[in-house]
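For reference, the structure is listed below as structure tokens.
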Amino acid sequence: MEYDDRYRQVQRPKHNCLLFDLDDTLYPLSSGLSTECLKNIGDYMVEKLGIEESKISDMCNLLYKNYGTTMAGLRAIGYEFDYDDYHSFVHGRLPYEKLKPDPVLKNLLLSLPLRKVIFTNADRIHAAKVLSRLGLEDCFEGIICFETLNPLQNPSDVESVEGGSSPTPSTPFDILNHFSQPNPGLDLPKTPIHCKPSVEAIDQALKIANIDPKKTMFFDDSVRNIQAGKRVGLHTVLVGNSQRAKGADFALESIHNIREALPELWEGDEKSKGVSYSGKVAIEMPVTA
């Protein structure tokens, strides 16, 4: 009984699609990639944007908390940079060799007789590298990534379309001062970047991939993303924690627990044996930018 209580028993709807986050969901947080990514973000802020190193930790925390990603927060407060350059710096230096092929997860995913789509805030190159290292390239119908939700929003793209050079940006918004000396009449600036946990970004992703939230189960390691997914009507699974958080219908300590926790996802398996997405990684599929 104690084991059964780990997973919330609710009325279980029929699903036709599974939506998966990528990082720290399809592989464990213990891989260390998130730590390396955070370090690279800090280095980018110092080396490329000229932000004082002493401010990096507090700034990253505030930007991530208020905008979903540090990148989205940096753009909101007034920093302009090339998105491809940012992703190349932050993700291009990651130790991908720490990720190993996961044949157990591959077999689980390929045995599921449902649509399976990746939904990540990361860029397409990073997504492709991660799936390749894990050996999961042929497990998904498509990938919704940064470029999917943010087409032609790169400052350099805008410049090339409009011609001429961009005006010199004003002094960036001081987010550290904003929270150290709160001014109730001053709102945080908005970001031009669309990403989780924005409800609007999730709605956009569902429309792009033609996904019905009422018939979709969403797997993510972020409580904020799970809660946002719940608000748009998705059935939610928190991954990486055996304790459910608010907004999560289920909790999995590991994605490898999916079959024992959610056996109903394999209903109709006998009719759908051999279901798989063969060929190249779904970067080239229609739902991908």
Side-chain angles (χ1 to χ4, degrees), residues 1-34 98-120 127 130-131 133-143 196 211-230 232-278 282:
M1 190 65 181
E2 181 180 352
Y3 175 81
D4 292 338
D5 286 343
R6 187 179 304 173
Y7 312 108
R8 185 184 181 192
Q9 300 299 313
V10 297
Q11 184 178 359
R12 303 191 172 190
K14 297 293 183 180
H15 300 93
N16 60 22
C17 183
L18 304 178
L19 194 60
F20 291 89
D21 176 46
L22 181 68
D23 296 302
D24 302 329
T25 296
L26 295 185
Y27 63 86
L29 178 65
S30 59
S31 69
L33 256 66
S34 290
K98 291 187 176 183
L99 299 179
K100 306 300 180 184
D102 191 340
V104 173
L105 180 56
K106 180 175 183 175
N107 288 334
L108 281 170
L109 291 171
L110 290 180
S111 70
L112 279 160
L114 302 165
R115 291 182 68 196
K116 294 176 285 291
V117 177
I118 293 289
F119 181 20
T120 176
V130 169
L131 291 176
R133 294 295 304 186
L134 295 174
L136 305 178
E137 308 100 308
D138 58 349
C139 294
F140 299 95
E141 174 186 315
I143 300 171
K196 296 181 289 184
I211 291 173
D212 181 354
K214 295 179 180 179
K215 296 182 179 180
T216 300
M217 190 162 278
F218 175 44
F219 297 78
D220 202 298
D221 66 292
S222 165
V223 173
R224 294 187 309 165
N225 293 347
I226 286 293
Q227 292 172 343
K230 194 65 181 173
V232 304
L234 291 162
H235 302 279
T236 54
V237 183
L238 180 64
V239 179
N241 195 323
S242 60
Q243 301 300 315
R244 283 192 309 112
K246 182 180 180 181
D249 294 314
F250 303 92
L252 303 179
E253 188 169 355
S254 165
I255 194 65
H256 292 91
N257 299 135
I258 185 173
R259 187 153 198 164
E260 56 193 327
L262 303 164
E264 69 276 13
L265 295 180
W266 277 262
E267 288 180 4
D269 188 31
E270 290 301 316
K271 298 179 182 179
S272 307
K273 280 187 175 179
V275 171
S276 66
Y277 300 104
S278 60

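Values below: all heavy atoms of this structure, side chains included; hydrogens, waters and symmetry mates excluded.
- Exactly one residue among T236, T216, V237 makes a side-chain contact (heavy atoms from CB on, under 4.5 Å) with L19. That residue is T216.
- Proximity of P101 to L134: side-chain heavy atoms (C-beta onward) are nowhere separated by under 4.5 Å.
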Please evaluate residues V117 and I143 with respect to the criterion side-chain contact (heavy atoms from CB on, under 4.5 Å), reporting the C-alpha separation (whole Å), side-chain torsions for both, the decisive distance (0.1 Å), and the verdict.
CA-CA 6 Å; V117 177; I143 300 171; over 6 Å; no
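- The minimum heavy-atom distance linking E260 with P263 is given by the pair O-CD, 3.8 Å.
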Step-by-step side-chain contact (heavy atoms from CB on, under 4.5 Å) determination, L114 to C17:
CA-CA 5 Å; L114 302 165; C17 183; over 6 Å; no
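- Here SG of C139 is found 7.0 Å from CG of L105. Values are rounded to the nearest 0.5 Å.
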What do the steps show when you test L234 against M217 for side-chain contact (heavy atoms from CB on, under 4.5 Å), and what is the final call?
CA-CA 6 Å; L234 291 162; M217 190 162 278; over 6 Å; no
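- In this structure, the side chains of W266 and R259 come closer than 4.5 Å at one or more pairs of heavy atoms.
- The closest side-chain heavy-atom distance from F218 to V232 is not below 4.5 Å.
- Side chain to side chain, T25 and D221 meet the donor-acceptor criterion of an N or O pair below 3.5 Å.
- Between L26 and the choices L131, D102, D21, the side-chain contact (heavy atoms from CB on, under 4.5 Å) rule is met once, by L131.
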Check the pair V239 / D220 against side-chain contact (heavy atoms from CB on, under 4.5 Å), numbers first and verdict last.
CA-CA 6 Å; V239 179; D220 202 298; over 6 Å; no
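- You'll find the side chain of N241 stays beyond 4.5 Å of the side chain of E253, heavy atoms only.
- Rounding to the nearest 0.5 Å gives a distance of 11.0 Å between CD of E141 and CG of L18.
- To the nearest 0.5 angstrom, L136 atom CG is 7.5 Å from K106 atom NZ.
- Remark: F140 CZ to L110 CG distance equals 9.0 Å, nearest 0.5 Å.
- In this structure a side-chain-to-backbone donor-acceptor pair under 3.5 Å is missing from S254 to N257.
- Ion pairing between a basic and an acidic side chain is recognised when a charged N comes within 4.0 Å of a carboxylate O; E264 and K14 show no such pairing.
- The two atoms that bring V223 and K246 nearest to each other are CG1-O, 4.4 Å, heavy atoms only.
- Taken from CZ in F219 to CG in L238, the straight-line distance is 11.5 Å, to the nearest 0.5 Å.
- Looking at every heavy atom in both residues, G247 comes nearest to I226 through O-CG2, 3.4 Å.
- Both the sub-6.0 Å distance and the 45° axial angle are not jointly satisfied by K116 relative to the ring of F20.
- In this structure, CZ in R115 is found 7.0 Å from CG in N16, a value given to the nearest 0.5 Å.
- Proximity of a side-chain donor or acceptor of H235 to a complementary backbone N or O of K214 within less than 3.5 Å is detected.
- Salt bridge annotation for D249-K230: present, with a cationic side-chain nitrogen under 4.0 angstrom from a carboxylate oxygen.
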